[in-house]
Number of protein chains: 2
Amino acid sequence: MQSDCKLCPFNTRATSMLSEESFGQLSDNHLELKFKKGDTIIKQGMFSTNVVFLRRGLAKIHLNGPYHEQIVRLVKAPTYLGLPTTFGDKVNQYSVTAVTETEVCYIDVHIFQKILNENREFSNEIIIELCQNELESFRRCANRTQKQIRGNMADVLIEFAEKIFQSDSFTLPVSQSELANLVDTSRESVSRVLGEFDKDGLISLEGKRIEILNKKSLRLISQNG
Amino acid sequence: MQSDCKLCPFNTRATSMLSEESFGQLSDNHLELKFKKGDTIIKQGMFSTNVVFLRRGLAKIHLNGPYHEQIVRLVKAPTYLGLPTTFGDKVNQYSVTAVTETEVCYIDVHIFQKILNENREFSNEIIIELCQNELESFRRCANRTQKQIRGNMADVLIEFAEKIFQSDSFTLPVSQSELANLVDTSRESVSRVLGEFDKDGLISLEGKRIEILNKKSLRLISQNG
DNA sequence: TAATTATTGTGATGCATATCACAAAATAAT
DNA sequence: ATTATTTTGTGATATGCATCACAATAATTA
């Protein structure tokens, strides 16, 4: 219930297709919230009544697996977080936690539904986003189970560089044990593999600071599993 | 370019919301095809220009992984097959192959897009379907990597019984090596685990014929990994 | 600045399961 | 029917990686 959504600097390609009227409805029916690192944005098992839009920051989507947490993926603003849950199920099937400081908008489902109905272009964009996510899920699923640790670690590093930070040097946004949950391995293995990559000159590793030195070789490792 | 879609006995909840006019457009712009067991319906890597609707039969969605085929899941009619690809990407990111004799409709993307735009209820249903699939992907992803073989095998058997055949006794629609690709394990392990389940009285196994005798215990195994 | 607490590095050990190897059935082809 | 081919069962062996254990370092908090 705050600022004018039309003026929001975090508008996406999808929202740019909204009508004046829809923007007004959005502005009147959303709630802006800030989260600190580690805060829970969406909690698995809780009832879901809002569409959640991550407008600034980094978040992790994770599941409370039978044994340990599993991080499904890291997502970067701008993106919708609660879509699959809000439309597919009433109860959140996963948790979302802030990895950096984060800004989030909560939008009432009914209003969002109404806006979807009244804006064809917008709903098309949403369908496309969902489709792309599903394809991405397929890819992940296939990779993680078939490759082995070095391959998956290589993938994650490349993904960080290309999708999240858009730079070959970055600071790991998560601890090694979180990285382990993301790659489906143990904390110890993450440490060992990062050490190997460093020793072999594929990356330079200084604390949480990483620079990718040989992306070609990393890609090769990714392919060979 | 054949029968009247409105009279198709395989209409779904989504299609039931189409207007007369849209049904007409569908009827004039779709192609019905039959496939035999083992035939390729969608081929990974090929250009995609159609939405594909599986109206009868069973199909497997699979990826050409780096080493061996990975079956992402078995799907049962009625369902859309090519949606994520057609909207998320121009190139098929996965293959779909007929597991039983199968009937499929190919619908031109542009017509489908048009119908989506002109039928709110329909496009809402499609969004819901996509969301549910994404949640399902999450669940699978989490399970397969965290549980171990016996757990995943138990899951697949329960899924076959409940989602695919709606009966506790059924004939396995795929070979053990395909089952292995679905569960992410080796053919030998599938054979061993099925043998164990049989010996322990959880299922009765006669060739490809399976009857689930103790679903409760299977569920327990599924949870303990 | 000291004291706690969380994170990371690294060896030693164990285990689940892949892989190999080959026989036995079952299916399909001739 | 007979042969060829695919599918299945089962032991023996190999191995990638989790787990355990503990030291070293870094990051918080007092």
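Lettering of chains follows the sequences in order, A, B, ..., and the numbering in each one begins at 1. In what follows, every heavy atom counts, from backbone to side chain, and hydrogens, waters and symmetry copies are set aside. The model shown is predicted, which means the values in this text are computed figures rather than measured ones.
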Side-chain donor-acceptor pairs under 3.5 Å in residues 35-51 of chain B, sequence neighbours left out?
residue	atom	partner	partner atom	Å
B:Asp39	OD2	B:Lys36	N	2.8
B:Gln44	OE1	B:Asn64	N	2.8
B:Gln44	OE1	B:Asn64	ND2	3.3

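- By the salt bridge (charged side-chain N to carboxylate O under 4.0 Å, His left out) test, A:Asp184 pairs with A:Arg144, sequence neighbours left out.
- Qualifying ring pair (Phe, Tyr, Trp, His ring centres under 6.0 Å) partners for A:Phe87, counting only residues two or more places apart in sequence or in other chains: none.
- Contact between the side-chain N/O atoms of B:Gln176 and the OP1/OP2 oxygens of D:dG9 is found at a separation under 4.0 Å.
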From CA spacing to verdict: side-chain hydrogen bond (donor to acceptor under 3.5 Å, both in side chains), A:Asn181, A:Glu69 | CA-CA 6 Å; A:Asn181 292 337; A:Glu69 167 192 64; 2.9 Å; yes
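- In the helix from C:dT1-D:dA30 to C:dT30-D:dA1, the terminal helix axes, each the rotation mapping four pairs' C1' atoms onto the next four within five end pairs, subtend 50°, rounded to 10°.
- A:Glu178 places its CD atom 14 Å from the P atom of C:dA6, with the value rounded to the nearest Å.
- Remark: A:Phe165 pairs with A:Phe170 by the ring pair (Phe, Tyr, Trp, His ring centres under 6.0 Å) rule, at least two apart or across chains.
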Whether each nucleotide of nucleotides 23-30 of chain C has a protein heavy atom under 4.0 Å at its base (B), only at its sugar-phosphate (S) or at neither (-) is summarised, 5' to 3', as --------
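- One interatomic measurement links the two molecules: CG of B:Leu205 to P of D:dT10, which rounds to 10 Å at whole-angstrom precision.
- Residues passing the side chain to side chain donor-acceptor pair (under 3.5 Å) test with A:Lys90: none are found, sequence neighbours excluded.
- One interatomic measurement links the two molecules: NZ of A:Lys37 to C1' of C:dA6, which rounds to 12 Å at whole-angstrom precision.
- Atom P of nucleotide D:dT8 and atom CE of B:Met153 are separated by 11 Å, given to the nearest angstrom.
- D:dT8 atom C1' lies 12 Å from atom CG of B:Leu172, rounded to whole Å.
- In this structure, CG of A:Asn181 is placed 12 Å from P of C:dT7, rounded to the nearest angstrom.
- Every pair passing ring-ring contact (aromatic ring centres under 6.0 Å, His included) that includes a residue from residues 131-159 of chain B is listed here, sequence neighbours excluded: A:Tyr94-B:Phe138.
- For the side-chain hydrogen bond (donor to acceptor under 3.5 Å, both in side chains) condition, the pairs that include at least one residue of residues 185-194 of chain A, sequence neighbours left out, are A:Ser186-A:Ser189.
- Under 4.0 angstrom from either OP1 or OP2 of D:dT15 there lies no side-chain N or O belonging to A:Gln148.
- In the region residues 183-198 of chain A, proximity to DNA chain C at under 4.0 angstrom, judged on heavy atoms, holds for A:Arg187, A:Glu188, A:Ser191, A:Arg192.
- The CG-P distance, from A:Leu179 to D:dA18, rounds to 13 Å in whole Å.
- Residue B:Glu159 is tested with B:Arg219, B:Lys76, B:Arg140 for a salt bridge (charged side-chain N to carboxylate O under 4.0 Å, His left out); the sole match is B:Arg140.
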Throw together a table of side-chain donor-acceptor distances under 3.5 angstrom for residues 201-210 of chain B, partners on residues two or more places apart or in other chains.
residue	atom	partner	partner atom	Å
B:Arg209	NH1	B:Thr171	OG1	3.4
B:Arg209	NH2	B:Ser169	OG	3.3

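- Shown here are the side-chain contact (heavy atoms from CB on, under 4.5 Å) partners of B:Pro78, two or more places apart in sequence or in another chain: B:Thr12, B:Phe53.
- Atom CG in B:Asn152 sits roughly 11 Å away from atom P in C:dA18 (whole-Å rounding).
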